[in-house]
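Remarks on the structure that follows.
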Amino acid sequence: MTQDMLKALSDGELVQVIAWAQGEQKARAEQRKRETIAKIKELAQGVGVSVSIAGMRGRPSNVRKANN
């Protein structure tokens, strides 16, 4: 979509395009995250390592620091 096309849209249409674009951006980011997590788990499994990915659902996990 070009700038000229965007300028030709009504306010209501522009709001719809923005909402669609924001939803698409979130969906793509989530897909990239899932693909990255799957790849990490695949690589770890290949060398016999178990991994746990904290905050997989977008929430920070409560991780305790090791006592030094």
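Among R32, K33, R28, the one residue that satisfies the side-chain contact (heavy atoms from CB on, under 4.5 Å) test with E30 is K33.
Linking Ile, Leu, Val, Met, Phe, Trp and Tyr residues whenever their side-chain heavy atoms come within less than 4.5 Å places V17 and M5 in a single cluster. In the hydrophobic cluster analysis, where Ile, Leu, Val, Met, Phe, Trp and Tyr join through side-chain heavy atoms closer than 4.5 angstrom, M1 is grouped together with L14.
Residues satisfying the side-chain hydrogen bond (donor to acceptor under 3.5 Å, both in side chains) test with Q31, not counting sequence neighbours, are R34, E35. By the side-chain hydrogen bond (donor to acceptor under 3.5 Å, both in side chains) test, E13 pairs with S10, sequence neighbours left out. Under the rule for a side chain to side chain contact (heavy atoms under 4.5 Å, CB included), the partners of V47 that lie at least two apart in sequence or sit in another chain are V49.
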Stepwise side chain to side chain contact (heavy atoms under 4.5 Å, CB included) check, I18 with Q22: CA-CA 6 Å; I18 291 169; Q22 288 173 336; 3.9 Å; yes
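Taking OG of S52 as the start and NZ of K41 as the end, the distance is 7.5 Å to the nearest 0.5 Å.
Within 6.0 Å of atom CD in E24, more than 12 heavy atoms from other residues, nucleotides or ligands are found, so the atom counts as buried in its surroundings.
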